[in-house]
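Take a look at the structure set out below.
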Amino acid sequence: MITVLINLFVALCVGLGLTLSGVTGWGWGLVWGVLTLVAGQVGLGWLLKRRMGALSDQVQAVMARAQAQMQAKVKRWQTRQMANPKAAEAELAKDRDAMIAEVQALLRPLERYRLWVPFLGRQLATMELQFAWQRKDFKRVDALLPRALLLDPTLACIKLARLWQREVPAEALDKAFRRAVRRTRYDTSALLYATYAWMLVKRGAIDEAFRILREGDERNENATLKANLDHLANNRLAHFSNAGFGEMWYALWLEEPKFHPRRARDMGRYFG
């Protein structure tokens, strides 16, 4: 907002200065004022965007690395026998807290640009929304959702999951899903389709879930979507699972990872 006010002031000074000094008439003074405003906006926007771009890349790199590490842990625990599921959940929570702390440290310098960059407040609200969701601070999530930019399919899934938690009517859930799908590109909406199909299955709308999965399969190359589509087509509801998405799915808090506790060896077979 400050950049806009500064550019307006400079443009006004240029236009009036050229006109009052007799260099140009009122018409050309207005033209030069507008051109100054446009040039100022483009120039300052480029400088601020360049400054923020480096920080944004760092944030995305930290989040991607942390999420990949957590997803690898979940897959490892699923394929091996997990001795203590509670300890596994605590370790994932610790990893999430460490990621949030690292990202927040990177984002603090952006606060100084809040009044300078249009929509930066909404961008920061979007990032804070993800942190609040991971901390299960749902009251804060509800406050941030109206201000957040839900352009990413994962963020749209967070909104769907929160609506599901609040037990909103089916029509409201479908409307939110359709709005989110319209914003996605090819092969980026697999989790969004899988999440909504899971909700439909839970509500017993199997035919609708099958239709959603078929639509999602046409727009994405994803093994989990194909497997679930096959399960519904063959009436194997018990096999429907989004576990193939790993941590991306479990981070929505709709299901907990299924870890298999390690069974103690029956020593009676050897003694007695």
Side-chain angles (χ1 to χ4, degrees), residues 1-9 37 40-71 92-166 168 176-177 179-185 188-189 191-192 195 247-254:
M1 180 58 73
I2 291 180
T3 56
V4 176
L5 295 177
I6 291 176
N7 283 321
L8 281 173
F9 176 75
L37 175 63
Q41 283 294 102
V42 172
L44 286 175
W46 180 82
L47 289 174
L48 292 172
K49 184 178 180 180
R50 184 178 180 183
R51 168 62 179 157
M52 292 173 57
L55 283 172
S56 179
D57 290 343
Q58 286 180 280
V59 168
Q60 294 301 323
V62 169
M63 294 181 67
R65 184 184 70 247
Q67 290 172 352
Q69 291 173 347
M70 287 187 286
Q71 188 166 354
L92 286 178
K94 184 178 179 181
D95 289 345
R96 288 192 188 98
D97 290 343
M99 179 192 70
I100 290 172
E102 187 175 357
V103 170
Q104 287 179 327
L106 290 172
L107 289 177
R108 286 192 191 101
L110 291 179
E111 291 291 339
R112 72 186 71 172
Y113 300 113
R114 184 186 289 270
L115 295 178
W116 291 83
V117 182
F119 301 111
L120 178 59
R122 298 194 65 181
Q123 293 173 351
L124 293 177
T126 303
M127 294 182 181
E128 187 184 348
L129 170 67
Q130 299 175 68
F131 305 146
W133 181 260
Q134 291 171 6
R135 292 193 304 267
K136 295 186 178 181
D137 185 354
F138 298 127
K139 183 177 180 180
R140 184 59 179 160
V141 168
D142 290 339
L144 290 168
L145 273 173
R147 294 191 285 127
L149 299 169
L150 305 179
L151 304 179
D152 184 84
T154 303
L155 294 174
C157 286
I158 288 177
K159 180 175 181 178
L160 279 182
R162 184 56 186 149
L163 293 175
W164 175 263
Q165 290 174 343
R166 290 162 52 188
V168 301
F177 167 74
R179 183 180 300 166
V181 162
R182 286 195 294 268
R183 298 170 178 164
T184 61
R185 299 185 303 274
T188 63
S189 56
L191 182 62
L192 188 58
T195 299
E247 178 61 18
M248 292 176 62
W249 167 246
Y250 294 118
L252 296 177
W253 308 124
L254 296 174

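Scope of the values below: all heavy atoms of this structure, side chains included, with no hydrogens, waters or symmetry mates.
Side-chain contact between L192 and L160: present, with at least one pair of heavy atoms (C-beta onward) separated by less than 4.5 Å. Residues R166 and D142 form a side-chain contact, since some pair of their non-hydrogen atoms from C-beta on lies under 4.5 Å apart.
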Test log, rule side chain to side chain contact (heavy atoms under 4.5 Å, CB included), inputs L151 and T126: CA-CA 10 Å; L151 304 179; T126 303; over 6 Å; no
Before you tell me yes or no, could you show the steps for Q69 and D95 under side chain to side chain contact (heavy atoms under 4.5 Å, CB included), namely the whole-Å CA-CA distance, both residues' side-chain angles and the distance that decides it to 0.1 Å? CA-CA 9 Å; Q69 291 173 347; D95 289 345; over 6 Å; no
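Formation of a donor-acceptor pair under 3.5 Å by the R183 side chain with backbone atoms of L150 is found in this model. Remark: the backbone N or O of L191 is not paired with any side-chain donor or acceptor of W249 at under 3.5 angstrom. S189 contributes no side-chain N or O that, together with a main-chain N or O of V181, makes up a donor-acceptor pair within less than 3.5 Å.
Residues meeting the side-chain hydrogen bond (donor to acceptor under 3.5 Å, both in side chains) test with T188, sequence neighbours left out: none. With sequence neighbours excluded, no residue forms a side-chain hydrogen bond (donor to acceptor under 3.5 Å, both in side chains) with D97. Residues satisfying the side-chain hydrogen bond (donor to acceptor under 3.5 Å, both in side chains) criterion with E247, sequence neighbours excluded, are R96.
The CG atom of L124 sits 9.5 Å away from atom CZ of R147, with the distance rounded to the nearest 0.5 Å. Distance check: L163 CG to I158 CD1 gives 12.0 Å after rounding to the nearest 0.5 Å. The CD atom of Q123 lies 6.5 Å from the CG atom of L149; values are rounded to the nearest 0.5 Å. Atoms CD1 and CZ, on I100 and R135 in that order, are 5.5 Å from each other to the nearest 0.5 Å. Residue L145 holds its CG atom at 7.0 Å from NZ of K159, rounded to the nearest 0.5 Å.
When all heavy atoms of A161 and L254 are compared, the closest pair comes out as CB-CD2, 4.0 Å. Closest approach of T184 to P153, counting heavy atoms only: CG2-CG, 3.8 Å. Considering all non-hydrogen atoms of both residues, A251 and W133 come closest at O-NE1, 2.8 Å.
Exactly one of R122, M127, E128 qualifies for a side chain to side chain contact (heavy atoms under 4.5 Å, CB included) with L144. That residue is E128.
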